[in-house]
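Everything numeric here is computed off the predicted structure, so don't read it as measured data.
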Amino acid sequence: MIAPMRLIVILIIVLATAVWAGAAVLGLTACGNWGSNGGAGRETVVASFYPLAYAAEQIGGSRVDVENLTPPGAEPHDLEVSPQDVAAIREADLVLLLGRGFQPQLEDAAGTGANVLRLLDTPGLGLHANNDPHVWLDPLRYAKIVARIGQALRAPAAAERLIERLRSLDAEYRRGLTNCRRDEIVTSHEAFAYLAERYGLHQVAITGLSPEAEPDPGKLADVVNLVRAHGVTTIYFETLVSPRIAETVARETGSKTAVLDPIEGLTEDERAHGDDYFSLMRRNLAALEAGLGCS
């Protein structure tokens, strides 16, 4: 039997295909070449969530129309595909997915066409054995993804400019996290292993890779004991899910809480203030410097 979730995706794809086919009939005069779907001849790029959309926007500039399928303030792990999403994927010149089950419904809908990039398959990322997807939080791993998007958009020079900014960000992190009294990052969500690995830190996650998972009572007790034993002063939580678990550990240990953003998406407030990947990464750096006692 077909699993219920897979059946839902199949039904949505069928419905979206019908909608798309009708639109195609109305648009027979449109050219079918690359870039024909965007406004004024621009290439259309569909990205599954914010880090991929941001890279495409920065690289493509005015040459591309980029649609981020994860709405502002939404948790991308939980995204459910809609008929409109499927239609957008089918009409796009380029589809950017993280892949490997990060957003399974979108991955099923996108299929394996030549215009679909699954960016966790980028060579040289050094993925962890647990299939942790959060590579964009390491600026140098993110740079490899940026380079691949640049190739797909035929804009290597623009990609290299963004990569240079990422190298500068990496240098800021190295300077800021070189001399710290503590190296334990206690987080509510296991999202910072690549960042921790890059800068010689140790991630202690209360829950696993799913940000909404409930912690095992034994794991929670272990984290509380570690916080007390190592003099950890800050328990980090993220912006798109409840801080309840971090607040529980902080209350038990007399620690404080602070935001460490996995940058899976922007909130409405962050969009209104003009925040982007770099401003949030620098905010994360400041939070780490304060929480780890860096000088």
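Gln105 contributes no side-chain N or O that, together with a main-chain N or O of Glu80, makes up a donor-acceptor pair within less than 3.5 Å. Looking at Tyr194, its side chain does come within 3.5 Å of a backbone N or O of His128 through a donor-acceptor pair. A donor-acceptor pair is defined here as one N or O able to donate and one able to accept, closer than 3.5 Å; such a pair exists between the side chain of His273 and the backbone of Asp269. Between the side chain of Glu107 and the backbone N or O of Gln103 there is at least one donor-acceptor pair closer than 3.5 Å. In terms of modelled atom types and a separation under 3.5 Å, the side chain of Arg228 and the main chain of Glu252 share a donor-acceptor contact. Within the 3.5 Å criterion, the main-chain N or O of Leu166 finds no donor-acceptor partner in the side chain of Asp170. No side-chain donor-acceptor contact under 3.5 Å links Tyr173 to the backbone of Arg198. Checked by atom type and distance alone, the side chain of Thr207 pairs as donor or acceptor with a backbone atom of Ser188 at under 3.5 Å. Side-chain atoms of Thr44 come within 3.5 Å of backbone atoms of Asp93 as a donor-acceptor pair (strictly under, hydrogens ignored). Between the side chain of Arg100 and the backbone N or O of Pro133 there is no donor-acceptor pair closer than 3.5 Å.
When all heavy atoms of Leu52 and Leu96 are compared, the pair lying nearest together is CD1-O, 3.7 Å. Between Leu125 and Thr122, the shortest heavy-atom distance links the atoms CG-O, 3.4 Å. Nearest heavy-atom pair across Pro71 and Leu79 is CD-CD1, 4.0 Å. Here the closest heavy-atom approach between residue Ala191 and residue Leu137 is recorded as O-CD1, 3.2 Å. Here the closest heavy-atom approach between residue Ala88 and residue Leu69 is recorded as CB-CD2, 4.5 Å. Scanning all heavy atoms of the two residues, the minimum distance from Ala109 to Ile89 falls at CB-CD1, 4.3 Å.
A 4.5 Å side-chain heavy-atom check between Asn130 and Glu190 finds at least one atom pair inside the cut-off. Side chains of Val45 and Ile149 form no contact here, defined as non-hydrogen atoms less than 4.5 Å apart. Counting heavy atoms from C-beta outward, Pro83 and Val86 have side chains that stay 4.5 Å or more apart. In this structure, the side chains of Thr239 and Glu270 come closer than 4.5 Å at one or more pairs of heavy atoms. Proximity of Thr233 to Arg182: side-chain heavy atoms (C-beta onward) are separated by under 4.5 Å at one or more points.
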Throw together a table of side-chain donor-acceptor distances under 3.5 angstrom for residues 280-295, partners on residues two or more places apart or in other chains.
residue	atom	partner	partner atom	Å
Arg282	NE	Glu172	OE1	3.0
Arg282	NE	Glu172	OE2	3.2
Arg282	NH2	Glu172	OE2	2.9
Arg283	NH1	Asp275	OD2	3.4
Arg283	NH2	Asp275	OD1	2.8
Arg283	NH2	Asp275	OD2	3.2
Asn284	OD1	Asp261	N	2.8
Asn284	ND2	Asp261	O	2.7
Ser295	OG	Asn179	ND2	3.1

>> Evaluate Glu164 against Arg161 for salt bridge (charged side-chain N to carboxylate O under 4.0 Å, His left out), listing each step before the verdict.
In response: CA-CA 5 Å; Glu164 282 301 316; Arg161 289 192 291 272; over 6 Å; no
>> side chain to side chain contact (heavy atoms under 4.5 Å, CB included) for Thr253 and Val232? Distances and angles first, verdict last.
In response: CA-CA 9 Å; Thr253 59; Val232 172; over 6 Å; no
> Are Ile263 and Tyr50 close enough, and set up right, to give a side chain to side chain contact (heavy atoms under 4.5 Å, CB included), and what steps lead you there?
Replying inline: CA-CA 8 Å; Ile263 316 181; Tyr50 174 73; 4.0 Å; yes
> Given the rule in the side chain to side chain contact (heavy atoms under 4.5 Å, CB included) test, do Leu220 and Ile206 qualify, once you have shown the distances and angles that lead to the verdict?
Replying inline: CA-CA 6 Å; Leu220 193 59; Ile206 304 170; 3.7 Å; yes
>> Could you walk me through whether Arg154 and Glu43 satisfy the side chain to side chain contact (heavy atoms under 4.5 Å, CB included) test, starting with their C-alpha distance in whole Å, then the side-chain angles of each, then the deciding distance to 0.1 Å, before giving a yes or no?
In response: CA-CA 11 Å; Arg154 303 184 310 280; Glu43 299 163 355; 2.9 Å; yes
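With sequence neighbours left out, Arg175 forms a salt bridge (charged side-chain N to carboxylate O under 4.0 Å, His left out) with no residue at all. Listed by chain and residue number, nothing satisfies the ring-ring contact (aromatic ring centres under 6.0 Å, His included) test with Phe237 (two or more places apart in sequence, or in another chain). With sequence neighbours excluded, the residues satisfying side-chain contact (heavy atoms from CB on, under 4.5 Å) with Thr187 are Ile185, Phe192, Gln203, Ala205, Tyr236, Leu260. With sequence neighbours excluded, no residue forms a side-chain contact (heavy atoms from CB on, under 4.5 Å) with Pro156.
Each of Tyr277, Trp136, Phe278, Tyr54 was evaluated against Tyr142; a single residue qualifies, Tyr277, per the ring-ring contact (aromatic ring centres under 6.0 Å, His included) test.
Hydrophobic clustering, with ILVMFWY side chains joined whenever heavy atoms are under 4.5 angstrom apart, keeps Val204 apart from Tyr199. Hydrophobic clustering (side-chain heavy atoms under 4.5 Å, transitive across Ile, Leu, Val, Met, Phe, Trp, Tyr) groups Leu153 together with Ile163. Placement of Val186 and Leu201 in two distinct hydrophobic clusters is found when ILVMFWY residues are connected by side-chain heavy-atom separations under 4.5 Å, directly or transitively. Both Leu120 and Leu195 are members of a single hydrophobic cluster when ILVMFWY side chains are connected at heavy-atom separations under 4.5 Å.
The environment of Arg271 atom CZ is sparse: at most 12 non-hydrogen atoms of other residues, nucleotides or ligands sit within 6.0 angstrom.
Between His189 and His134, the distance separating the two ring centers is shorter than 6.0 angstrom.
Residue pairs meeting the side chain to side chain donor-acceptor pair (under 3.5 Å) criterion with at least one partner in residues 240-251, sequence neighbours excluded, are Glu214-Arg244.
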